[in-house]
Amino acid sequence: MKTIIVLHDNSPADLHAAAFAKMIARKIQAKIVICHTSKVRKQKREKVRAGTHLAADEHEQFVNKVWDETDVPNYSERNNNPVIEEMRITDFNIPRFAEMVNKDQVYMIIKGLPSKVKKNDAEGKLDAYCVLNRVLSPLMLIPEDWPLKDLERLVYIADLRYCRIAIVKYLVELAKPFYASLTIAHLSAKGLPHIIESYAQSIFSEEIVSRFDYDRLFFNNIQERDLIKAVDVMINGMHNDLLVVVNHRFHFEEIIGEYLGHSLPVHISVPLLIFPC
């Protein structure tokens, strides 16, 4: 069974992200592990669920309380609740956590981010981006003010000439349970010329579409050189609700900035899925 880890410091942003993680887990039949990075109030100690594969060395584990699902869309119609486990990792050690994640081949790590962070609020908070630089699993960052909803449109931003088939495969598997569209948005890497449309369509058809049995896989050849404008069109014009990029590759720094920190850039108002480089 796939495992989704939610990094949780009891902030409203992380509560929001945890609720979204539960929606994803239902769809893809994954279990959730809530990793508390701050002290948790009123947790009841229980035995660890049998069969767990996550390392428990020097960590305390808890069986979670029932989630308040009133904020989850159509929650009354869903009864396939995922397995939810909790771990307290108050003394967070990023190298050790990364070793655990990589050993257990965690499917995804999720972290909620507030729209704005005051300097004092960031002190003592886990920097999820530092985690990304050490793990093999993709990291999904959820804006606190993004309304909870099923995924409908995913867009993978890449230079088509360097598009990773393994990432497309992962995204197709994520999109299928939602019957969401997946678009490969070509943006020429810095210093490279625009790709000719006929050639791009040929590559997309022969090298990508032919590998996957999914009728909602699309291609968009974007000519806009201003990447902030291009992202704005993807979010507000094309109404994509998940942006996908690769850490430190091609357009990443131009779209995200040199450092991600504890909040998303103002022009990114939807969840961001970042794959390790």
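The structure presented is a predicted model; accordingly, all values stated were derived computationally and were not measured. Heads up: numbering here begins at 1 and tracks the sequence.
Note that CG of L182 is 9.0 Å distant from CD1 of I208, once rounded to the nearest 0.5 Å. Rounded to the nearest 0.5 angstrom, R216 CZ and T183 OG1 are separated by 9.0 Å. To the nearest 0.5 Å, the span separating CD on E86 from NE2 on H36 amounts to 3.5 Å. Rounded to the nearest 0.5 Å, atoms CG (L132) and CG (L141) are 8.0 Å apart. Within the model, atoms NE2 of H186 and CZ of R161 stand 4.5 Å from one another, a figure rounded to the nearest 0.5 Å. With rounding to the nearest 0.5 angstrom, the NZ atom of K111 is 5.0 Å from the OG atom of S11.
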From CA spacing to verdict: side-chain contact (heavy atoms from CB on, under 4.5 Å), L242, F178: CA-CA 13 Å; L242 178 65; F178 294 92; over 6 Å; no

Stepwise side-chain contact (heavy atoms from CB on, under 4.5 Å) test for Y162 and V246: CA-CA 11 Å; Y162 303 97; V246 178; over 6 Å; no

Stepwise side-chain contact (heavy atoms from CB on, under 4.5 Å) test for L139 and N247: CA-CA 10 Å; L139 170 68; N247 193 24; over 6 Å; no

Stepwise side-chain contact (heavy atoms from CB on, under 4.5 Å) test for E207 and L160: CA-CA 10 Å; E207 300 298 329; L160 184 65; over 6 Å; no

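Tested against I235 for a side chain to side chain contact (heavy atoms under 4.5 Å, CB included), the candidates L243, D241, N240 yield a single pass: L243. Considering V6, T3, V131 in turn, V131 is the only one that fulfils the side chain to side chain contact (heavy atoms under 4.5 Å, CB included) rule with I109.
Put simply, the side chain of M108 reaches to within 4.5 Å of the side chain of Y170, judged on heavy atoms. Using a 4.5 Å heavy-atom threshold, the side chains of L7 and I5 count as touching. Contact of the I165 side chain with the R211 side chain is registered, since non-hydrogen atoms from C-beta on lie closer than 4.5 Å. Proximity of I24 to M140: side-chain heavy atoms (C-beta onward) are separated by under 4.5 Å at one or more points. Contact of the L171 side chain with the L273 side chain is registered, since non-hydrogen atoms from C-beta on lie closer than 4.5 Å. The shortest distance between side-chain heavy atoms of R26 and P82 falls below 4.5 Å. Side-chain contact between I268 and P143: absent, with no pair of heavy atoms (C-beta onward) separated by less than 4.5 Å. Between L174 and K27, the closest side-chain pair of non-hydrogen atoms is not below 4.5 Å.
Taking both residues in full, the closest heavy atoms of E224 and A230 are given as CG-N, 4.1 Å, listed atom of the first, atom of the second, then distance. Nearest approach of I184 to F219, heavy atoms of both residues: O-CD1, 3.4 Å. Pairing each heavy atom of A13 with each of P114, the nearest pair is CB-N, 3.8 Å. Across every non-hydrogen atom of M234 and A185, the tightest pair is CE-CB, 3.9 Å. Between R164 and C277, the closest heavy-atom pair is NH2-C, 3.8 Å. Between A21 and I110, the shortest heavy-atom distance links the atoms CB-CD1, 3.7 Å.
Residues L136 and V33 are members of separate hydrophobic clusters, defined by side-chain heavy-atom contacts under 4.5 angstrom among Ile, Leu, Val, Met, Phe, Trp and Tyr. Taking hydrophobic clusters as Ile, Leu, Val, Met, Phe, Trp and Tyr residues chained together by side-chain heavy-atom distances below 4.5 Å, I4 does not share a cluster with M1.
Without hydrogens or angle criteria, S202 side chain to S198 main chain gives no donor-acceptor distance under 3.5 Å. Using a distance-only test at 3.5 Å, with no hydrogens or angles considered, no donor-acceptor pair links the side chain of H8 to the main chain of I34. Under a 3.5 Å cut-off, the side chain of D226 and the backbone N or O of I228 do form a donor-acceptor pair. Proximity of a side-chain donor or acceptor of N221 to a complementary backbone N or O of I195 within less than 3.5 Å is detected. Between the Y214 side chain and the E173 main chain, no donor and acceptor come within less than 3.5 Å of each other.
Sorted by first and then second residue, the pairs that involve residues 136-147 and meet side chain to side chain donor-acceptor pair (under 3.5 Å), not counting sequence neighbours, are S115-D145.
When the shell of 6.0 Å around CD of E99 is examined, it contains 12 or fewer heavy atoms from other residues, nucleotides or ligands. Within a 6.0 Å sphere centred on CD of Q105, heavy atoms belonging to other residues, nucleotides or ligands number 12 at most.
Defined by atom type and a distance below 3.5 Å, a donor-acceptor pair is missing between the side-chain atoms of D150 and Y179.
In summary, the aromatic rings of F218 and F204 are positioned with their centroids too far apart to meet the 6.0 Å limit.
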